[in-house]
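Reckoned from all heavy atoms, side chains included, excluding hydrogens, waters and symmetry mates. Count residues from 1 along the sequence.
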Amino acid sequence: SVEAPYEQTWIFMVAVPYMLVFPLSFSFSVVAAFSYWQSRDDPQFREVQYWLLRNAMCRTVLAILLLFIQSHMEQLMSPFICTKREDDSIVMDNAQDIECKASNERYQFLVLFATIGWSVLAAVYSTLVLS
């Protein structure tokens, strides 16, 4: 059997919640544009309709985030969870062939993207809390 490198599988698993938001955002944009065009004669109706649409979009995004938050955080933590072997090498728990060393390019890649992922996650939740 053919197996993809751990980095590719990991990046896909990290990106799944974000990929689910793209079609949702596209449909939100299409419906918002259509409703804006349809209600051009009544600005108050347009405002209420857009508020309801934005409310539904935010609730759906929040449900997606809550559904995937545990697995997403586990995936983002995996580069930082390392185990010491008997031969004194330190490797990742989820990928025993990747050493937890700053000089290892594969490990640097995972740590960089995990840090970016944590930053995006913090930004999204901060935005949701503040809005």
Side-chain angles (χ1 to χ4, degrees):
S1 74
V2 178
E3 186 176 326
Y6 178 76
E7 300 91 310
Q8 290 177 356
T9 307
W10 180 83
I11 205 85
F12 176 76
M13 293 302 292
V14 167
V16 165
Y18 302 105
M19 289 189 293
L20 290 174
V21 174
F22 286 123
L24 185 64
S25 299
F26 177 74
S27 62
F28 171 78
S29 301
V30 168
V31 170
F34 181 72
S35 67
Y36 183 82
W37 174 76
Q38 189 180 20
S39 64
R40 61 183 175 268
D41 297 333
D42 191 359
Q44 287 181 332
F45 177 70
R46 180 187 311 151
E47 183 180 343
V48 170
Q49 193 172 25
Y50 184 73
W51 181 83
L52 290 169
L53 182 62
R54 192 180 67 205
N55 187 357
M57 169 74 171
C58 289
R59 281 186 293 139
T60 306
V61 168
L62 185 60
I64 289 172
L65 287 173
L66 290 175
L67 182 66
F68 285 100
I69 191 70
Q70 183 177 0
S71 65
H72 187 60
M73 285 186 171
E74 287 173 2
Q75 288 295 324
L76 289 176
M77 283 301 298
S78 67
F80 304 109
I81 302 173
C82 299
T83 304
K84 189 172 186 176
R85 285 187 175 170
E86 293 174 2
D87 62 351
D88 288 336
S89 62
I90 300 173
V91 295
M92 287 180 50
D93 271 0
N94 291 349
Q96 297 289 315
D97 60 327
I98 300 177
E99 286 191 57
C100 295
K101 286 185 177 178
S103 60
N104 187 342
E105 290 182 17
R106 294 174 70 192
Y107 185 67
Q108 286 177 355
F109 174 81
L110 293 172
V111 168
L112 173 68
F113 277 95
T115 305
I116 291 170
W118 279 109
S119 302
V120 168
L121 193 65
V124 166
Y125 275 99
S126 298
T127 303
L128 288 174
V129 167
L130 295 175
S131 62

If you measure from [atom1] on [X] to [atom2] on [Y], what distance do you get to the nearest 0.5 Å?
{"X": "L110", "Y": "T115", "atom1": "CG", "atom2": "OG1", "answer": "10.5 Å"}
{"X": "L121", "Y": "L76", "atom1": "CG", "atom2": "CG", "answer": "6.5 Å"}
{"X": "Y18", "Y": "I64", "atom1": "OH", "atom2": "CD1", "answer": "12.0 Å"}
{"X": "Q75", "Y": "H72", "atom1": "CD", "atom2": "NE2", "answer": "9.0 Å"}
{"X": "L20", "Y": "T60", "atom1": "CG", "atom2": "OG1", "answer": "12.0 Å"}
{"X": "C82", "Y": "E99", "atom1": "SG", "atom2": "CD", "answer": "10.0 Å"}

For [X], is the [atom1] atom crowded, meaning more than 12 foreign heavy atoms sit under 6.0 Å from it?
{"X": "F80", "atom1": "CZ", "value": "yes"}
{"X": "M13", "atom1": "CE", "value": "no"}
{"X": "Y125", "atom1": "OH", "value": "yes"}
{"X": "Q96", "atom1": "CD", "value": "yes"}

In this structure, would [X] and [Y] fall into the same cluster of hydrophobic residues linked by side-chain contacts under 4.5 Å?
{"X": "Y6", "Y": "I90", "result": "no"}
{"X": "W51", "Y": "M57", "result": "no"}
{"X": "L66", "Y": "M77", "result": "yes"}
{"X": "V14", "Y": "L67", "result": "yes"}
{"X": "V120", "Y": "V16", "result": "yes"}

Trace of the side-chain contact (heavy atoms from CB on, under 4.5 Å) decision for M92 with I81: CA-CA 6 Å; M92 287 180 50; I81 302 173; over 6 Å; no
Counterpart residues, salt bridge (Lys or Arg N to Asp or Glu O under 4.0 Å), relative to D87 (two or more places apart):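 Salt bridge (Lys or Arg N to Asp or Glu O under 4.0 Å) check on D87 returns nothing, list empty.
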F113-F109 aromatic ring centre distance below 6.0 Å: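 Between F113 and F109, the centre distance is under 6.0 Å.
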Main-chain N/O of A102 paired with Y107 side-chain donor or acceptor, under 3.5 Å: no
Pairs of donor and acceptor atoms involving the side chains of residues 23-39, under 3.5 Å and at least two apart or interchain, shall be tabulated with distances.
from : atom 1 : to  : atom 2 : distance (Å)
S25  : OG     : V21 : O      : 3.0
S27  : OG     : P23 : O      : 3.3
S27  : OG     : L24 : O      : 2.9
S29  : OG     : S25 : O      : 3.0
S35  : OG     : V31 : O      : 3.1
S35  : OG     : A32 : O      : 3.1
S39  : OG     : S35 : O      : 2.7

